[in-house]
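Along the sequence shown, the residues carry numbers beginning at 1. Just so we're clear, the structure is a prediction, and the values are computed from it rather than from any experiment.
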Amino acid sequence: MPLLDKSTDLAEAIGRIGDGARIMIGGFGVPGTPFTLIAELVRHGPKNLTIIKNDANEPGMGVDWLLGAGMVSRLITSHVGLNGNAVRMMNAGEIEVEFVAQGILAERIRTAGAGLKGFVSDIGIGTLLAEGKQRVEMDGATYLIEPALEADFALVHAARADTFGNLAYAATARNFNPLMAMAANCTIAEAEVIVGTGGIDPDMVHTPAPFVDHLVALPEKLMEVYGVVHR
């Protein structure tokens, strides 16, 4: 029996995202950021979004497109320092920003993907990052309970994919993408190269197909239009 072909038109895939959605966006700076999916999200135009990403990209790219379009109400991130627009909007109260230490952010996402509700950590004790968090005593020490972080959608970028949705990432693009693909109710992946099922060595699959719902081809002409080099 042939396996499902998850190839989906770009507009059709992103068109599933509505107002108020909670969206994880992969990437660490430029590598692994799904710029084509973000650009289509801007064109689609849902409002009041919660964006979960390690960073806010730099001015004029990625998350900054969403901020400039007034589509983001909340940003959950490790830092915004490379994007002056995000800093300005945060200081002006135009967006709410929740800062999460990078390792904690990754683990909160991974925990959600593993089907758990949270984990305990001593990171942030005695700092602003601990304010408002539930605490627990264990072995004579105080720990914070860090809740799992889930999303309605995850947008990820892969170097290679097969039509069933197995994904392989290039180099540092193997950062938040695999974790986010597991932690969202619906994962939409863009891929630079799409091959037939079986065209990726199983040992090179970084995100197995069951975690991917829709697969969007990334033609070379689109990469040229957006002026993005992922690798």
Side-chain angles (χ1 to χ4, degrees), residues 10 13-14 17 21-106 108-109 128-129 149 151 153-159 167 169-181 183-184 187-192 216 218-231:
L10 174 60
I14 295 299
I17 301 176
R22 192 175 174 95
I23 306 172
M24 290 180 175
I25 299 179
F28 191 98
V30 169
T33 296
F35 290 100
T36 299
L37 298 182
I38 297 172
E40 178 59 25
L41 184 60
V42 172
R43 191 199 67 80
H44 175 48
K47 302 296 184 182
N48 195 33
L49 301 177
T50 293
I51 299 298
I52 303 166
K53 193 179 188 300
N54 177 62
D55 57 274
N57 290 123
E58 297 179 33
M61 66 166 54
V63 170
D64 193 54
W65 298 335
L66 299 171
L67 295 173
M71 298 166 59
V72 180
S73 61
R74 188 167 186 237
L75 179 62
I76 301 175
T77 186
S78 291
H79 68 94
V80 296
L82 296 178
N83 190 334
N85 294 325
V87 173
R88 178 193 59 76
M89 293 178 72
M90 176 184 68
N91 290 337
E94 297 174 14
I95 57 171
E96 176 187 351
V97 178
E98 177 185 346
F99 287 109
V100 183
Q102 187 169 272
I104 296 294
L105 179 63
R108 287 180 64 187
I109 296 169
L128 291 175
L129 293 178
L149 192 56
F153 295 89
L155 308 183
V156 302
H157 174 92
L167 307 180
Y169 308 106
T172 54
R174 289 177 60 183
N175 41 58
F176 283 87
N177 280 305
L179 305 178
M180 290 179 170
T187 295
I188 303 172
E190 65 177 40
E192 297 176 31
V216 174
L218 186 61
E220 186 66 32
K221 64 180 181 179
L222 281 181
M223 288 191 281
E224 291 175 0
V225 167
Y226 298 129
V228 173
V229 176
H230 290 268
R231 296 176 185 273

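Proximity of E94 to V72: side-chain heavy atoms (C-beta onward) are nowhere separated by under 4.5 Å. Considering only heavy atoms from C-beta on, T77 stays 4.5 Å or farther from L105 through its side chain. Looking at V97 and F99, their side chains come closer than 4.5 Å, going by heavy atoms from C-beta outward. Side-chain contact between I25 and N54 is absent, with no heavy atoms from C-beta onward closer than 4.5 Å. A 4.5 Å side-chain heavy-atom check between N57 and L82 finds every atom pair outside the cut-off. A 4.5 Å side-chain heavy-atom check between I23 and T50 finds every atom pair outside the cut-off.
Partner of L10 under the side chain to side chain contact (heavy atoms under 4.5 Å, CB included) criterion, out of L218, I188, V216: V216 alone.
The salt bridge (Lys or Arg N to Asp or Glu O under 4.0 Å) contacts involving residues 59-70 comprise nothing, where partners must be two or more places apart or lie in separate chains.
In plain terms, the two heavy atoms of D55 and G29 that are nearest each other are OD1-N, 2.9 Å. Between I14 and L41, the closest heavy-atom pair is CG2-CA, 3.6 Å.
Remark: R74 engages E96, E98 in a salt bridge (Lys or Arg N to Asp or Glu O under 4.0 Å) (not counting sequence neighbours). Checked against side-chain contact (heavy atoms from CB on, under 4.5 Å), A106 has the following partners two or more places apart in sequence or in another chain: F176, L179.
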Problem - Steps toward side-chain contact (heavy atoms from CB on, under 4.5 Å) verdict (T187, V156) - result: CA-CA 8 Å; T187 295; V156 302; 4.2 Å; yes
